[in-house]
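A short write-up of the structure that comes next.
As the structure is a prediction and not an experimental result, all values here were calculated from the model.
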Amino acid sequence: QLCNRWLLNTEGASLSSSRPTKSHFRCARQVPHSTGPARGMCLSLRATATLLALLGCAVPLAHADDPDGEVVSGEGQPAPVETGPDADESIARLLASQGVANADELFDKTMSTMSTPVGPRLHANRARRGALIMTLLAPIAEAGHHGAQVAIARAHLHGDDLRRDVPAAVALLRSAADAGHDEAQQVLGMLHALGIGVPLDPALAVTHYYFAAEGGNTAAQLALAYRYLHGVDTPKSCQKAVMYYNPVAEKVVAAAQKSGGRGLIIEKARLTDGPARASRRLLGDEDDIIQYYQYSADKGSVDAQLTLGQLSFHGARGMPADPAVALSYYSRAADAGEPAAHAHLGHMYAQGIGVEQDDETALKHFRLGAARSNPAAQNGLGYMYMHGYGVEVSHAKALEHFRAAAQNGNAEAQFNLGAMYISGTGIKKAYDKALHYFTLAAHQGHTLALYNLGQMHLNGLGAPRSCPAAAQFLKAVAERGEWGADLEKGHRAFSAEADPFRALLLYAGLAEGGFEVAQANAAHIADSAVRRGVEHSELQPVTDAKALALDMFARAAQQGNVEARIKLGDYHFYGLGTRVDAESAVGHYRTASESQNAQAMFNLAYMHAHGLGLPRDFHLAKRHYDMAMDASTEAVLPVRIALVELYGMQLIEDMLQWPAVQRLRDSAVWTQVATSLMHGDEWQWDTIAIVVISPLLLMVAVIRRQRAMLRRE
């Protein structure tokens, strides 16, 4: 199937062995620094040759150095490229008007302009970006610029900067993907994997991801790594998962080292069925709280000054990253004698963040903070001695300060100690101690410590070699990159902009990459539409919203999401996106109940009581109801109501064994009653309970009314 999809309609030698020949890589050698269509074609040829060779396919392959060679789409039609003197003149005038030399420069300039908002108004910025797309990107996209084609396709998919047009987006993506554009390949892979705007096709999705990953696309590498790690539509292979996680983790580490401590803070908000206002506040729309902090800071609150300094330094809770503002708040807190503020200021001066780099000033602040046993300041002093910034290099003093800070729980100091032990800098090399300190730092979320732990477990340094452990550490690092910002965008699209399809697209890319929060949120969006019966309007391009929700719930549950596990049980119980399977539902509920989840225990109790997927057993039903009530106070009322039903069912079961009732069961009256209270061979216990309880409730109401009348008399 894969062989037939990726044939190239050109002449050349066929592949007859598992290793590609030199001719397969010819164009990569001849144009090693090329960009645009030529480089894309080389990528497509190389990736196709490698993949088909591994699959054992014997197919014709284009000569890579053939100047007339043409990459052909899956339908056998060449990618459309506008040619001719009129088109050339039009593009030349456009390039001249923008002061650029070629289409690549125009594309980069336009994307940079679009990424810079003008004013706070969302709709105005979208209209402006849409105008830029149509006036600057559309002409070069028609002339065959694949980056522009992908940018326009994304705008059509998301429906923010341009009118939503999924078929047009897919056509543009296919045109760019046929020329080997990695981002186009990745987006098409995501769409085919989830059945959004195109037929659901896991095999084709994996193929697209493979080509995109060959081009270095981060999202595709994450998607393949996750698939190999969990065996999703591919054979399970830890080694291949690590192979794809490694380059992504290295990008995250490089960004963390370059940022100088200004780590990216991504708010992983989960979608819920709660009020929209509560959902929005999770994302950072907390203007009232920020204003309260600002008021308190102006009144001299050191805690408020530190908090606002942190938010301004990292850019979180709706506040933009602004080192100058952070410096102002930290300075005010430091003037009040706050040691943590001195530590922050020392860090900013040592790294030159928001201020001119100054080792002397950094040392002053670190010493003031360390004098009051602030662990961050102690770590800062150790850093200065370690590298000889403003002082003579002294590994002994660095070790002393790092140990003091590490004992006080500072993750950075714990990492630095681990780095000294693993390299043997100023101390005897000891992999086991390095592993210990890296583990302490990793428990606090230290990115570089997580990466080092992954490498140590992968190579058997200080611990037995373990590919699964290494893969989990590298996965944790890979999910800390800037691409995770789509979690916030997705939440905003769903909660603030009321655009569930755009939110689904944003979550889908990360869900494919193994982000558990994104998987749960994508499932929530599809499930919400299914429950309200609006999946064909809200999520119209989705082939099967029920199947999508089921798939996302299954992936999230596989990564330990208990609520997703319960939803998975519900989907099997009611037959949503799959056949009705009460036994599978029982398995999911049991797994969730092991986490002391009250809802799962309640569901198991109900199934025991009614004999659904389990033998009817009133005693086990009562036991599970009691366990649910013990697990959560919110379950007390539902459990008590359910127990009334359970006791009623048990009473009726006992009454059916009475001799008088046995004689009644042989009469015609019993036949009429049974017809109305039975469905097939099963009693409708809910109906029976209502029939029994309703007269009792009526009697209680009458008695209370009579008592009230007596009191008035």
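- Checked by atom type and distance alone, the side chain of K475 never pairs as donor or acceptor with a backbone atom of L222 at under 3.5 Å.
- For the side-chain contact (heavy atoms from CB on, under 4.5 Å) test with F573, the passing option among L612, D581, L568, V580 is L612; the others fail.
- Ring-plane geometry between H145 and F107 is classed as tilted, the angle between the planes lying from 30 to 60 degrees on a 0 to 90 degree scale.
- Ion pairing of R531 with D527 is present here, as a side-chain N (NZ or NE/NH1/NH2) and a carboxylate O approach within less than 4.0 Å.
- When atom types are taken as modelled, the side chain of N521 and the backbone of L271 share a donor-acceptor pair closer than 3.5 angstrom.
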Show the numbers, then the answer: is there a side chain to side chain contact (heavy atoms under 4.5 Å, CB included) between H491 and D486? CA-CA 8 Å; H491 194 279; D486 278 354; over 6 Å; no
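- In terms of modelled atom types and a separation under 3.5 Å, the side chain of T116 and the main chain of S112 share a donor-acceptor contact.
- The side-chain heavy atoms of I196 and T543, taken from C-beta on, include no pair separated by under 4.5 Å.
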Starting from the C-alpha separation in whole Å, work towards a yes-or-no answer on side chain to side chain contact (heavy atoms under 4.5 Å, CB included) for L194 and M552. CA-CA 9 Å; L194 304 178; M552 290 293 107; 3.7 Å; yes
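- Note that the CG atom of D233 and the OH atom of Y209 stand 10.0 Å from one another [nearest 0.5 Å].
- Minimum heavy-atom separation, Q186 to A220: CG-N, 3.8 Å.
- Rounded to the nearest 0.5 Å, atoms CZ (F553) and NE2 (H524) are 8.5 Å apart.
- No donor-acceptor distance shorter than 3.5 angstrom exists from the side chain of E535 to the backbone of A545, with no hydrogens or angles considered.
- Ion pairing between a basic and an acidic side chain is recognised when a charged N comes within 4.0 Å of a carboxylate O; R502 and E497 show such pairing.
- The main-chain N or O of R590 is found under 3.5 Å from a side-chain atom of S593 such that the two form a donor-acceptor pair.
- Between F211 and N217, every side-chain heavy-atom pair lies at or beyond the 4.5 Å cut-off.
- In terms of the ring-ring contact (aromatic ring centres under 6.0 Å, His included) criterion, F515 has no residue partners (sequence neighbours excluded).
- Residues L200 and A193 come closest through the heavy atom pair CD1-O, 3.1 Å.
- The closest donor-acceptor contact from the side chain of H192 to the backbone of V198 lies at 3.5 Å or more, if one exists at all.
- Between atom CE of residue M243 and atom SG of residue C238 there is a gap of 12.0 Å, rounded to the nearest 0.5 Å.
- The shortest side-chain heavy-atom distance between L94 and L136 falls under the 4.5 Å cut-off.
- Donor-acceptor pairing under 3.5 Å is lacking for the side chains of D499 and H158.
- Among pairs with a residue in residues 511-522, those fulfilling salt bridge (charged side-chain N to carboxylate O under 4.0 Å, His left out) read R227-E512, R270-E516, E512-R555, at least two apart in sequence or across chains.
- The existence of a salt bridge linking K546 and D544 is excluded, since no basic side-chain nitrogen approaches an acidic carboxylate oxygen closer than 4.0 Å.
- Counting only heavy atoms from C-beta outward, the side chains of L191 and L173 approach each other to under 4.5 Å.
- No hydrogens or angles considered: a donor-acceptor pair under 3.5 Å links the side chains of D570 and Y589.
- Side-chain atoms of R532 come within 3.5 Å of backbone atoms of S528 as a donor-acceptor pair (strictly under, hydrogens ignored).
- Considering NE2 of H572 and CG of L576, their distance stands at 10.5 Å, rounded to 0.5 Å.
- Residues satisfying the side chain to side chain contact (heavy atoms under 4.5 Å, CB included) test with Q599, not counting sequence neighbours, are I566, N597, F602, N603.
- Residues Q185 and T207 have side chains not in contact (no heavy-atom distance under 4.5 Å, counting atoms from C-beta outward).
- In terms of heavy-atom proximity, Q221 sits nearest to G216 at NE2-CA, 3.8 Å.
- Within a 6.0 Å sphere centred on NZ of K109, other residues, nucleotides and ligands contribute more than 12 heavy atoms.
- E538 places none of its side-chain heavy atoms less than 4.5 Å from the side chain of F501.
- For the atom pair CE (M601) and CD (E594), the distance works out to 9.5 Å, reported to the nearest 0.5 Å.
- Interatomic distance, D160 CG to H123 NE2, rounded to the nearest 0.5 Å: 11.5 Å.
- Looking at every heavy atom in both residues, A635 comes nearest to P638 through O-CD, 3.3 Å.
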For a salt bridge (charged side-chain N to carboxylate O under 4.0 Å, His left out) check, start with the C-alpha distance between R154 and E183, then their side-chain angles and the critical distance, and finish with the verdict. CA-CA 10 Å; R154 281 192 176 277; E183 187 177 351; 2.6 Å; yes
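- Partners of K251 under the salt bridge (charged side-chain N to carboxylate O under 4.0 Å, His left out) rule, at least two apart in sequence or in another chain, do not exist in this structure.
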Can you check side-chain hydrogen bond (donor to acceptor under 3.5 Å, both in side chains) on Q149 and H146, steps first, answer last? CA-CA 5 Å; Q149 290 172 343; H146 307 305; 3.2 Å; yes
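- The shortest side-chain heavy-atom distance between L106 and I140 falls under the 4.5 Å cut-off.
- Residues meeting the ring-ring contact (aromatic ring centres under 6.0 Å, His included) test with Y226, sequence neighbours left out: H230.
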Going through the distances and angles, do L172 and V150 end up as a side chain to side chain contact (heavy atoms under 4.5 Å, CB included)? CA-CA 7 Å; L172 286 167; V150 173; over 6 Å; no
I would like to know whether L548 and L539 meet side chain to side chain contact (heavy atoms under 4.5 Å, CB included); could you show each step before the answer? CA-CA 11 Å; L548 175 60; L539 307 177; 5.8 Å; no
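- Formation of a donor-acceptor pair under 3.5 Å by the Q519 side chain with backbone atoms of A511 is found in this model.
- Closest non-hydrogen pair, L229 versus A471, comes out as CD1-CB, 3.7 Å.
- The environment of Q98 atom CD is dense: over 12 non-hydrogen atoms of other residues, nucleotides or ligands sit within 6.0 angstrom.
- Across G513 and E479, no two heavy atoms sit closer than the pair O-OE2, 4.5 Å.
- M111 places a side-chain heavy atom less than 4.5 Å from the side chain of L137.
- With sequence neighbours excluded, the residues that form a side-chain hydrogen bond (donor to acceptor under 3.5 Å, both in side chains) with H588 are R565.
- The closest donor-acceptor contact from the side chain of R126 to the backbone of D161 lies at 3.5 Å or more, if one exists at all.
- Judged by distance alone, the side chain of N102 and the main-chain N or O of E105 form a donor-acceptor pair under 3.5 Å.
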